Undergrad: 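What follows is a single structure, and I will ask about it in a moment.
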Amino acid sequence: MDKILLGCIADDFTGGTDLANNLVRSGMRTVQTVGVPKNFELSGVDAVVVALKSRTIEPKDAISQSLEALKWLKSQGAKQIYFKYCSTFDSTAKGNIGPVTEALMKELGTDFTVVTPAFPDNGRTIFKGHLFVGDLLLSDSSMRHHPLTPMTESNLVKVMQSQYPGKVGLIDYKVIQKGESAISSKVQALKEDGVSAAVVDSLSNEDLMVLGRAVKDLALVTAGSGLAIGLAQNFGLEPNESTIKLPSVVGFKAILSGSCSEMTLKQVNHFQKLGFPCFQIDPIKLSTNSDHIDEAIKWARDQFSSSSGPILIYSTSNPQQVASIQNKLSVQVAGEMVENAMAQLAKELVTLGVGQLLVAGGETSGKCVQSLNISHLQIGPQIDPGVPWCYAYTKHVEGSVTRGEPLVGLHVALKSGNFGSEDFFSSAWKLIEN
Ligand code: ADP
């Protein structure tokens, strides 16, 4: 068995793909697994991202799943562990960033880690501990309306402190600008002050490269996907420009969107305006009409009788519509109902002959990947920052997904809500054309 260098635990699937994408582009051969692998032989791999779906589950469950992932990654030889969360620090009042960080630190026997969701390529920067999304503070951004993890506080020291039992500190941009030795001195000073987790300012990729070198000896780093660009250098690896080639594409093209994020709303509108076929899933109908999913499948079958797509099936709605649906059904029931519908649709679409599937929404993607029985993903070309095309392998048949006859592979792209350009749904396909 080859030993891996970096072991990563991602709290959702799209986040895992986002991280794997940055690792691949920085020169690390990376595989993303769906959940903790069983009987998995690795060879020629520098980093593994174990993608969980632990962002919004009960903290105790998130902890036990993360510890199980940690155990497996250690058994594969991982020299450093990377706990990956969202670049907008998506968490509930209870966690799970703080509780999982604490549990991983305890298990690794380490007394200090960094906390930095910065991802400058996607406009996520941290200044004096405050997270910015583009030009807006996190709390002024559309994240304040997120259906599951509304983020109303931009000061990450406060957010982390509210869910982490140890003392949280800050390494600000002035220290980062002075370089690695200044960061090391600051870490020492913070530790002497009893701080065990420090939010780190980062305004640019250069900052993340400096921080990457400074965290070389930490057993655990916690971050968005941004810090990944600074870690390959610690293992003597360099960006490898050669194209990350995936197998040839086959089958119809489809998009499932269960994301209600601002950018997804724009992407759905843009796709509709271009005249592509779209079908809206209505959560209220899902709760009252058992045929609603069948209607969507029948519609998709009709579309594919005359075109290979792309087609879109979406539940994406604006904040007012989401609030009204959540009032009627509750946040949890609406969320689960739509996620389950999307998961069923993913399976049905693949059975209809879809070979290129784009899924919008982190939680939504997690459910779809589970229902498709995908075990791991090979990371391919990047569509937009944070979103690569991937080639999916299933649990049962190595290298293939059951899609009618014969057995062939599936290309998937999993998009976090606010990622991707406005024309993402219509333009993503170009990159994987044969
Ligand atoms: P994002 O990546 O944009 O955060 P997610 O898929 O992670 O997207 O989260 C969106 C959540 O909103 C999911 O639980 C999804 O089922 C739920 N949802 C989707 N559409 C609706 C809707 N119309 N009304 C209420 N909840 C919805």
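Being a predicted model, the structure only gives us computed values, none of them experimental.
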Undergrad: For residues 133-142, run the donor-acceptor check on the side chains, cut-off 3.5 Å, and write out each pair with its distance to 0.1 Å, sequence neighbours left out.
TA:
| unit_1 | atom_1 | unit_2 | atom_2 | d |
| --- | --- | --- | --- | --- |
| Ser139 | OG | Ser154 | OG | 2.7 |
| Ser141 | OG | Leu138 | O | 2.7 |
| Ser141 | OG | Met143 | N | 3.1 |
| Ser142 | OG | Glu262 | OE1 | 3.3 |

Undergrad: Applying side-chain contact (heavy atoms from CB on, under 4.5 Å), can you list everything that pairs with Met209, at least two apart in sequence or on another chain?
TA: Arg213, Ile229, Gln233

Undergrad: Could you tell me if Asn205 and Asp121 have a donor-acceptor pair between their side chains, going purely by distance under 3.5 Å?
TA: yes

Undergrad: Quiz question: by atom type and distance under 3.5 Å, do the side chains of Lys415 and Gln267 form a donor-acceptor pair?
TA: yes

Undergrad: Which donor-acceptor pairs under 3.5 Å do side chains of residues 59-72 form with protein atoms, sequence neighbours excluded?
TA:
| unit_1 | atom_1 | unit_2 | atom_2 | d |
| --- | --- | --- | --- | --- |
| Ser64 | OG | Asp61 | O | 3.2 |
| Ser66 | OG | Ala62 | O | 2.7 |

Undergrad: Taking side-chain contact (heavy atoms from CB on, under 4.5 Å) as the definition, give me every residue that meets it alongside Cys390, ordered by chain and number, with sequence neighbours left out.
TA: Thr17, Leu377, Ile379, Pro388, Val412

Undergrad: Among pairs that include at least one residue of residues 326-335, which meet side-chain hydrogen bond (donor to acceptor under 3.5 Å, both in side chains), considering only residues two or more places apart or in two chains?
TA: Gln332-Glu336

Undergrad: Exactly one of Val114, Val115, Ile81 should register a side-chain contact (heavy atoms from CB on, under 4.5 Å) with Thr222. Which one does?
TA: Val115

Undergrad: Between Glu339 and Lys53, does any side-chain N to carboxylate O distance fall below 4.0 Å?
TA: yes

Undergrad: Are side-chain N/O atoms of Asp11 and Ser54 paired as donor and acceptor at under 3.5 Å?
TA: no

Undergrad: Holding to ring pair (Phe, Tyr, Trp, His ring centres under 6.0 Å), I want the full list of residues that pass it with Phe83, two or more places apart in sequence or in another chain.
TA: Tyr85

Undergrad: Do the non-hydrogen side-chain atoms of Pro117 and Leu156 ever get within less than 4.5 Å of each other?
TA: yes

Undergrad: Quick one: ring-ring contact (aromatic ring centres under 6.0 Å, His included) pairs with a partner in residues 137-165, sequence neighbours left out?
TA: none

Undergrad: Test of understanding: with ring pair (Phe, Tyr, Trp, His ring centres under 6.0 Å), list the residues that count as partners of Phe235, not counting sequence neighbours.
TA: none

Undergrad: Quick one: side-chain contact (heavy atoms from CB on, under 4.5 Å) partners of Phe279, sequence neighbours excluded?
TA: Ile281, His292, Glu295, Ala296, Trp299, Ile313

Undergrad: Quick one: list whatever passes ring pair (Phe, Tyr, Trp, His ring centres under 6.0 Å) with Tyr314, sequence neighbours left out.
TA: none

Undergrad: Keeping the roles fixed (side chain from Thr351, backbone from Leu349), state whether a donor-acceptor pair exists under 3.5 Å.
TA: no

Undergrad: Show me the donor-acceptor pairs, under 3.5 Å and distance only, between side chains in residues 249-259 and residues at least two apart or in other chains.
TA:
| unit_1 | atom_1 | unit_2 | atom_2 | d |
| --- | --- | --- | --- | --- |
| Ser257 | OG | Thr316 | OG1 | 2.7 |
| Ser259 | OG | Ser261 | N | 3.2 |
| Ser259 | OG | Thr264 | OG1 | 2.7 |

Undergrad: Give a yes or no on whether a salt bridge exists between Asp90 and Arg55, defined as a side-chain N under 4.0 angstrom from a carboxylate O.
TA: yes

Undergrad: Does Leu246 have any side-chain contact (heavy atoms from CB on, under 4.5 Å) partners at least two apart in sequence or in another chain, and if so, which?
TA: Gln378, Pro381, Trp389, Tyr391, His411

Undergrad: Is the backbone of Gly361 close enough, under 3.5 Å, to the side chain of Ser365 for a donor and an acceptor to pair up by distance?
TA: yes

